[in-house]
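Before any comments, here is the structure.
Heavy atoms only: backbone and side chains are in, while hydrogens, waters and symmetry mates are out. Labels below follow one simple rule: chain letters A, B, ... track the order of the sequence lines, proteins then strands, and each chain is numbered from 1.
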2 protein chains.
Amino acid sequence: MAQPIYQQIAEDLRSKIESGTYEPGTQLPTESDLGEQYQASRNTIRDAIKRLISLGLIETRPGQGTFVTLRVDPFVTVLTGDPKSDNDGEGASYLSKVSAKQREPSETIPKVEVLMAPEEITRRLGVPPGAQVVARHQQRFIDDVPWSLQTSFYPMELISQGATGLLMAQDIPGGTATYLAEKVGLKQIGYRDWITARSPDNMEQQFFRLPHDAVVFAVFRTAYDQDKTPIRVTVTIFPADRNQFIVNVGTDLPDPQYGDG
Amino acid sequence: MAQPIYQQIAEDLRSKIESGTYEPGTQLPTESDLGEQYQASRNTIRDAIKRLISLGLIETRPGQGTFVTLRVDPFVTVLTGDPKSDNDGEGASYLSKVSAKQREPSETIPKVEVLMAPEEITRRLGVPPGAQVVARHQQRFIDDVPWSLQTSFYPMELISQGATGLLMAQDIPGGTATYLAEKVGLKQIGYRDWITARSPDNMEQQFFRLPHDAVVFAVFRTAYDQDKTPIRVTVTIFPADRNQFIVNVGTDLPDPQYGDG
DNA sequence: GCAAATTTGTTCGTATGTATT
DNA sequence: CAATACATACGAACAAATTTG
């Protein structure tokens with residue numbers, strides 16, 4: 001047996017999908033039917049199907065059937081923006097202009113929380129382990145499709161210095177960078193993004209309606225003030241199946257073209 | 001049955017792994033033993049194990065057993081470098097200085113090929129569909145661990161204009177950006193990275209020794225000259241389990257700290 | 001609104017193959 | 001070569017979700 005049966009079947013189905021025999025959005029034969037076609041047990045067919053799911057080619061819907069996935073055109077986010085502006089998403093142009101179709105972004109009102117900072121946040125925010133921080137959570141949608149989950153962390157110190165607006169569960173007009181400049185004289189000189197990818201946790205899986213073997217980007221954005229002190233750490237989770245990123249280096253680059261991705 | 005048994009078992013094993021009951025590198029009980037412990041069939045145990053594999057927590061070795069994965073500390077690549085320099089990897093400082101330990105990068109001699117450009121390359125390189133391009137392939141290692149697979153595509157036009165060195169299967173001293181400036185007067189003014197994530201194909205799976213449900217970053221770097229014309233498109237594949245990226249925006253940021261990731 | 005039919009999801013038992021020690 | 005451990009494969013039964021009559 002050169003290759004296991006389930007891999008041979010997966011390979012055959014893959015070629016049929018990519019050649020257009022099964023078109024995007026259409027239904028595949030039922031597991032029982034495929035079992036007849038390939039003279040294999042239902043369990044073996046299911047192993048083949050699992051492989052194709054993990055490749056992102058098909059999806060199963062209990063009670064309905066197995067379908068060829070529709071490729072949504074991805075949302076593209078430009079990470080290199082204005083060093084001094086927010087770019088933490090709260091009222092900022094996090095969304096790129098790449099998409100040809102007009103898209104309708106929306107977001108929830110921030111949910112505010114005071115908590116002990118997780119370890120990976122204390123490191124980035126430069127606060128001692130166990131320090132209290134303000135966390136502002138937001139969910140974002142594009143055309144009503146869940147797009148990103150975002151949490152910004154601020155040192156409690158900023159509150160006592162006068163930036164009490166950070167505790168308000170509402171948007172901050174003009175963005176938090178402007179607000180912090182006014183209230184506590186902090187000038188943001190830039191930020192650093194740290195891009196990682198991993199499996200979604202349960203909450204993320206539910207919110208984005210992802211299969212459990214999907215992948216999300218986790219982008220950690222740390223913003224710095226004039227003293228090179230971290231002002232804010234923003235963690236944004238993006239499902240990898242519907243998100244891409246652009247990094248521009250140098251000036252005067254041509255605009256990115258729709259369809260380049 | 002609130003949750004399926006295999007998910008309950010996966011959850012229990014996960015907590016034992018994360019609490020240190022099973023330490024990284026150590027072996028888990030055999031599937032049969034776990035079946036006894038949890039009063040479940042071996043197939044159900046295997047379903048739980050598959051979940052933990054897709055989370056990247058454990059790995060199985062036929063004939064040996066199931067082991068808790070060792071977390072390698074990730075390689076961190078800074079994407080925002082010098083707009084005018086190569087940064088395509090050929091002799092450039094693609095490797096960051098974040099790692100505390102001294103690491104030993106190495107790479108293969110470029111393999112050169114002339115071929116019809118894949119569709120996604122023609123779009124980015126701004127050449128007509130079906131155009132011939134020069135492709136330069138390289139494999140990169142860090143401490144002998146496969147780190148990235150890279151292919152740079154150049155328009156054939158550059159060869160006829162005198163940049164014949166692109167056809168040589170050897171490193172280009174000083175980098176290709178400098179070389180192209182000398183030979184054909186092309187000045188690189190910057191580049192754009194397009195970051196995506198997907199499942200590995202068969203070749204990538206083999207080279208990086210990845211499970212078939214792993215994830216890789218695919219970074220498309222397009223370099224532009226003074227006329228905003230694409231000079232080169234470099235596609236680099238990074239396994240997500242051992243790679244992260246940094247994007248710096250603004251000047252005078254503090255150095256990234258080892259351990260921030 | 002309900003019941004039946006259809007389809008995928010979970011679980012078990014069993015047998016055999018393949019890789020490693 | 002034998003023992004051990006994971007990988008593949010089949011058959012069967014029931015559960016859960018969805019659609020249809």
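A salt bridge links Arg198(A) and Glu204(A); the closest N-O separation between the charged side-chain nitrogens and carboxylate oxygens is under 4.0 Å.
Residues meeting the ring-ring contact (aromatic ring centres under 6.0 Å, His included) test with Phe67(A), sequence neighbours left out: none. Checked against side chain to side chain donor-acceptor pair (under 3.5 Å), Asp12(B) has the following partners two or more places apart in sequence or in another chain: Lys16(B), Tyr38(B). Take Glu11(B) and apply the side chain to side chain donor-acceptor pair (under 3.5 Å) test, not counting sequence neighbours, and it matches Arg14(B). For Glu119(A), the salt bridge (charged side-chain N to carboxylate O under 4.0 Å, His left out) partners are Arg123(A), not counting sequence neighbours. Remark: Arg71(B) engages no residue in a salt bridge (charged side-chain N to carboxylate O under 4.0 Å, His left out) (not counting sequence neighbours). Considering only residues two or more places apart in sequence or on other chains, Ser32(A) meets the side chain to side chain donor-acceptor pair (under 3.5 Å) condition with none of them. Taking Arg242(A) as the reference, nothing meets the salt bridge (charged side-chain N to carboxylate O under 4.0 Å, His left out) condition, with sequence neighbours excluded.
At whole-Å resolution of the value, CG in Asp47(B) and C1' in dC12(C) are 11 Å apart. Atom CD of Gln3(A) is separated from atom C1' of dA7(D) by 14 Å (rounded to the nearest Å). In this structure, the NZ atom of Lys50(B) is 13 Å from the C1' atom of dG9(C), given to the nearest Å. Atoms CD1 (Ile45(B)) and P (dC6(D)) sit 11 Å apart, rounded to a whole Å. Summarising the geometry, the separation between CD1 on Ile9(A) and C1' on dC10(D) is reported as 12 Å, rounded to the nearest angstrom. Between the CD1 atom of Ile5(B) and the C1' atom of dA13(D) there is a distance of 14 Å, rounded to whole Å. We find that CZ of Phe67(A) is positioned 16 Å from P of dT6(C), with the value rounded to whole Å.
Residues from residues 26-44 of chain A with heavy atoms under 4.0 angstrom of DNA chain D, sorted by number: Ala40(A), Ser41(A), Arg42(A), Asn43(A), Thr44(A). Sorted by residue number, the members of residues 57-65 of chain A with any non-hydrogen atom under 4.0 Å from DNA chain D read Pro62(A), Gly63(A), Gln64(A).
At dT8(C), none of the side-chain N or O atoms of Arg46(A) fall inside 4.0 Å of OP1 or OP2 (strictly under the cut-off).
Between Phe245(A) and Phe245(B), the ring center distance fails the sub-6.0 Å criterion.
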